[in-house]
Amino acid sequence: MKLTRRATILAAMGTAFVAVLPMRATAAADAAIADFTGGAAPGANGITLTAPEIAENGNTVPIEVSAPGATEIRVYAAGNPTPDVATFLFGPLAAAQMASTRIRLAGTQHVVAVAKMADGSFAEVRQEVKVTIGGCGG
Amino acid sequence: MAENVTPRVRVPSEASAGEAITIKTLISHLMESGQRKDSDGNVIPRAIINRFVVDFNGENVIDVALAPAISTNPFFEFQAFVPESGTFNFTWYDDDGSVYEESKEITVA
């Protein structure tokens, strides 16, 4: 393929567009997570997030979070109009620091779970969920 | 009060002391997100359940803060310790100030 000036500019624009789009969507979620952790970088171990790889209907996506030893787990949807999904606070009678629920996702995006451990450290896990039909109405 | 709000809770009726039991709850509620528009293009105001608390004999099991991203008819599954016979109290708090309550007895053999 001969590389013309026009083709180069178009390709560059396409790349920039693809790169910027997910970054803007996750900025709000990253800000919310930083707000929760107080700026501390969360670790990667000790928390699991179970979510489907492909969700046909974004209106009801089953998820499960589990973080043994956590006092609090927060779930964020990075691509939703508002990133907050749920905050789970575990009391003294919680047998396991796990919970499952059903959430709404506006489109294909990352679901993020952040746990605050009893020793004050944080753990984070994120998983991409592909959504066929968005769940936020129009 | 939102219409037709019915809480449903599944708790085993018996358990052995210190056993971890699984509890499932479902409450029928529209969970209007505040993002949708009606046919005239007006935003439908947000109306969700924003908090869900479970206590056993006055001690806390789980306390959940809900955002509009929780699906219609909020469902939760979690695990609890039962140190003795007693009552689980489930409470849901609505945006409009309503409080929905349900309780379940459990016997420790």
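Letters A, B, ... are given to chains in the order of the sequence lines, protein chains preceding strands, and every chain is numbered from 1.
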For the pair A:Asp30 and A:Arg126, find out whether any cationic side-chain nitrogen is under 4.0 Å from an anionic carboxylate oxygen. yes
Check the pair A:Phe122, A:Phe36 against ring-ring contact (aromatic ring centres under 6.0 Å, His included), reporting the backbone distance first and the verdict last. CA-CA 9 Å; A:Phe122 292 91; A:Phe36 175 43; 5.3 Å; yes
Heavy-atom side-chain proximity of A:Val129 to A:Leu105 below 4.5 angstrom: yes
Taking the six-membered ring for Trp, are the ring centroids of B:Tyr93 and B:Phe52 within less than 6.0 Å of each other? no
What residue in B:Ala65, B:Ala20, B:Ala67, B:Gly18 has the most heavy-atom pairs under 4.5 Å with chain A? B:Ala65
Between B:Ile70 and chain A, with a heavy-atom cut-off of 4.5 Å, which part of the residue counts as in contact: side chain, backbone, both or neither? both
Relative to chain A, which segment of B:Leu26 carries a heavy atom at a distance below 4.5 Å: side chain, backbone, both, or neither? side chain
Which residues in residues 60-67 of chain A have any heavy atom closer than 4.5 Å to a heavy atom of chain B? A:Thr60, A:Val61
Do B:Lys24 and B:Arg8 have side chains that get closer than 4.5 Å, going by heavy atoms? no
If one checks every heavy atom of B:Thr22 against chain A at 4.5 Å, the contacting part turns out to be neither
Least distance between heavy atoms, B:Pro68 atom then B:Ile48 atom: N-CD1, 3.8 Å
Please classify the contact between B:Pro83 and chain A as side chain, backbone, both or neither, with a heavy-atom cut-off of under 4.5 Å. side chain
Residue, of B:Val61, B:Val53, B:Val64, B:Ile44, that accumulates the most heavy atom pairs under 4.5 Å with chain A: B:Val61
B:Arg46 CZ to A:Thr82 OG1 distance, which is reported to the nearest 0.5 Å: 8.5 Å
Option that, when pairs with chain B are counted at under 4.5 Å, heavy atom only, ranks first among A:Ala86, A:Pro83, A:Pro92: A:Pro92
Non-hydrogen side-chain atoms of A:Val114 and A:Val112 separated by less than 4.5 Å: yes
Between CD1 of B:Ile23 and CD1 of B:Ile106, what distance do you get to the nearest 0.5 Å? 7.0 Å
